[in-house]
Amino acid sequence: MSDKVVTRFAPSPTGYLHVGGARTALFNWLWARRTGGTFILRIEDTDQKRNTPTAAKQVMDDLNWLGIGWDEGPEAGGPNGPYLQSERRDIYDKHIRQLLEEKKAYYCFDSTEDLDALREEAQAQTGGFAYRRPDKFPTAEDAEKARAEGRPVTVRFAVPQDEPLVVQDVVRGAITFAPREISDFIIQKSDGFPTYNFACVVDDRLMKVTHVIRGQEHLMNTPGQQALWRALFPDTELPTYAHMSVTVSDTGGKLSKRERPKVLREAITQMPDIHLDKLAQVAGLTRQQLDSFIAGTTAPDMPSIDAMAQYLGVSLPEINIVDFFKSGYLPETMVNFLALLGWNPGDDREIMPLPELIDAFDLARLTKSNSLFDRKKLIAFNTEHIKMTPPEKLREHLRDYLKVIDSPILKGDDELLARLIKICEGARTLADIERKSRFLFTDTVEYDAKAVNKVLLKGDGLAILAIVRDKLAAMDQFSEEKIETMLRTLAEEKQLGLGKVAQPLRVAICGNTISPPIFDSVQMLGKEETLRRIGNALEKFRADGK
RNA sequence: GCCCCCAUCGUCUAGUGGCCUAGGACGCCGGGUUCUCAACCCGGUAACAGGGGUUCGACUCCCCUUGGGGGUACCA
């Protein structure tokens, strides 16, 4: 088969794109790029209960941030659209009718309670459940009657029972399933929508998908889907399947969206003196909603969670792709890191720019076993990527980051951002740069008690600070070189390490012991503001200390 | 319960029967550099889950046990 490769990412739009989904999207995308093929984005919105109206947009935003663009799909269009399954109802209906006519599918009128009872019974007997196919299929008239009586009408696919179902998988080889293990599954729900297992097969065929790359959680669906494919499209070739390993969290269990609310809830429970009314207000929740969240019965939406975490100073594990964005990771880092979860180039390369990644990617090198998402290693990757990203590009990333967290540094122009990047060399995340430099853009200094105590109150930090103030005041040229010379000379004169001189000054101007190099920090703050802050500090802590 | 998948340092992994006294990366530990945080430099620690086979020879092949993961929906 020499046809062009076609892959697809088919998320159900239930919320933000999380790392697992991003990895699936990435592998499909990489394979399409590697082979010069097509990458399709298809939105699987067949569950009316679960879909939120903005979720598809959120997923697309996240993919775009990662740089994973689709050749066909929503917004991009394409010859095999529409790409929202909710807009393809007539297509599914047609194929359902075909199966019904060919007696390859049949109507069912069971209620939820009926099915529960059947399952319970099967559980007790054999341990496995397979829907018992009726000897005679209900007719269309029967279905009409049932509908009129208000009973639920679904359609099930009659899974062929004559031979074992063998799935050929790129990563796992041949996997054999006994046909009786595969139940006659529902292909059309009582609300008329197709189920995932059905829509997926129809669309993969109609969209000419050649490679289905997805998580291991879909492995058990595959024999049924393949049987359906053969029933629907005899004499056509099945796509190639690759079931990737799953990624689990390093905080314990499964990498799940529920982790963030969980961590926050635990943090709240452990804080003895929290003003809960204030917290509710910060989160934009009623007190009742907050109590319900703390009790573990509900989880508020993401902005509320974020707001509370920020207010309480709790850092939550990043799960969604936007979380990583907001934590100051570069998209290049995420792509590189995610690619290496369940795949490797076969040599010792790890930090790889995108073109290299694409060039090296190969489905044949997918890993079989599950992997843990190691945030420590992610940070190391980000540090490397920050180092190797060209300054202009990094500046764009920084500006995007500042926007998303709404930082006061946003006021700075390009030249200034470029300088911050330069003097914050070695930063691990964009958040490092922001945190360090923020003091340059705020009017008031928030003093960190520990830093003040250690650097200003203990020893003669204040005395040195006073001298530094006078020396700075006397300078007519306020360049970082002059400032450096002055501070070094002073340290030498006093027979002190530079730290003894620099640290009091640092705490005075930024409130803690962390900032960009002191000479740059002072110069950028400016003479007037630096002197003002030193003055404030002297006044405040001389009084306090005595 | 039943079905399916997986199993090398703490973590991600290389390894496709002899090249393995098991390699790399992150972490961790020790040392160096340093105005803070980082970054950087040098060194070190650490793994083939257990038991049976097959073979002249098993990390590599087979079986069992154990452990982990997934599925078992009118969710995808």
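A, B, ... follow the sequence lines: proteins, then strands. Residue 1 opens every chain. Just so it is clear, the structure is predicted and the values come from calculations on it, not from any experiment.
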*Establish whether the base of B:C5 is bridged to the side chain of A:Arg172 by a donor-acceptor pair shorter than 3.5 Å.*
no

List, with names and distances, any nitrogen or oxygen atoms from the protein found under 3.5 Å away from nitrogen or oxygen atoms belonging to nucleotides 22-26 of chain B.
from, atom 1, to, atom 2, distance (Å)
B:G24, N2, A:Glu350, OE2, 3.1
B:A25, O4', A:Glu350, OE1, 3.3
B:A25, O2', A:Glu350, OE1, 2.4
B:A25, N3, A:Lys377, NZ, 2.8
B:C26, O2', A:Lys377, N, 3.3

*asked:* Going by the rule side-chain contact (heavy atoms from CB on, under 4.5 Å), which residues pair with A:Asn320 if we only count those two or more places apart in sequence or in a different chain?
replied: A:Tyr16, A:His18, A:Lys257, A:Met302, A:Val322, A:Asp323

*asked:* Parallel, tilted or perpendicular, judged at 30° and 60°: which one describes the rings of A:Phe381 and A:His385?
replied: tilted

*Base, sugar-phosphate alone, or nothing: which one does A:Lys387 contact when heavy atoms must sit under 4.0 Å apart?*
sugar-phosphate

*What does B:A39 pair with, Watson-Crick or G-U, if both distances are under 3.5 Å?*
none

_Charged tip of A:Arg42 within 45° of A:Tyr83 ring normal and under 6.0 Å_ = no

*asked:* Give me each pair satisfying salt bridge (charged side-chain N to carboxylate O under 4.0 Å, His left out) with a member in residues 154-180 of chain A, each pair once, sequence neighbours excluded.
replied: none

*Grab the CG-P distance between A:Asn512 and B:A38 for me, whole Å please.*
13 Å

*Taking protein heavy atoms under 4.0 Å as touching, what does nucleotides 70-76 of chain B look like 5' to 3' if B marks base contact, S marks sugar-phosphate-only contact and - marks none?*
BS-SBBB

_Gap between atoms CG and P, on A:Leu420 and B:A39 respectively (whole Å)_ = 19 Å

*Round to the nearest Å and state the distance from A:Ile379 atom CD1 to B:C37 atom C1'.*
14 Å

_Contacts of type side-chain hydrogen bond (donor to acceptor under 3.5 Å, both in side chains), residue A:Lys104, not counting sequence neighbours_ = A:Glu102

_Per-nucleotide protein contact string for nucleotides 59-66 of chain B, where B marks a base within reach and S marks sugar-phosphate only (heavy atoms under 4.0 Å, - for neither)_ = --------

*Would you say the side-chain atoms of A:Arg23 and A:Thr247 include a donor-acceptor pair closer than 3.5 Å?*
yes

_Atom-to-atom span, CD1 of A:Ile175 to P of B:C4 - whole angstrom_ = 10 Å

*asked:* Measuring to OP1 and OP2 of B:G15, would you say a side-chain N or O of A:Arg365 lies under 4.0 angstrom away?
replied: yes

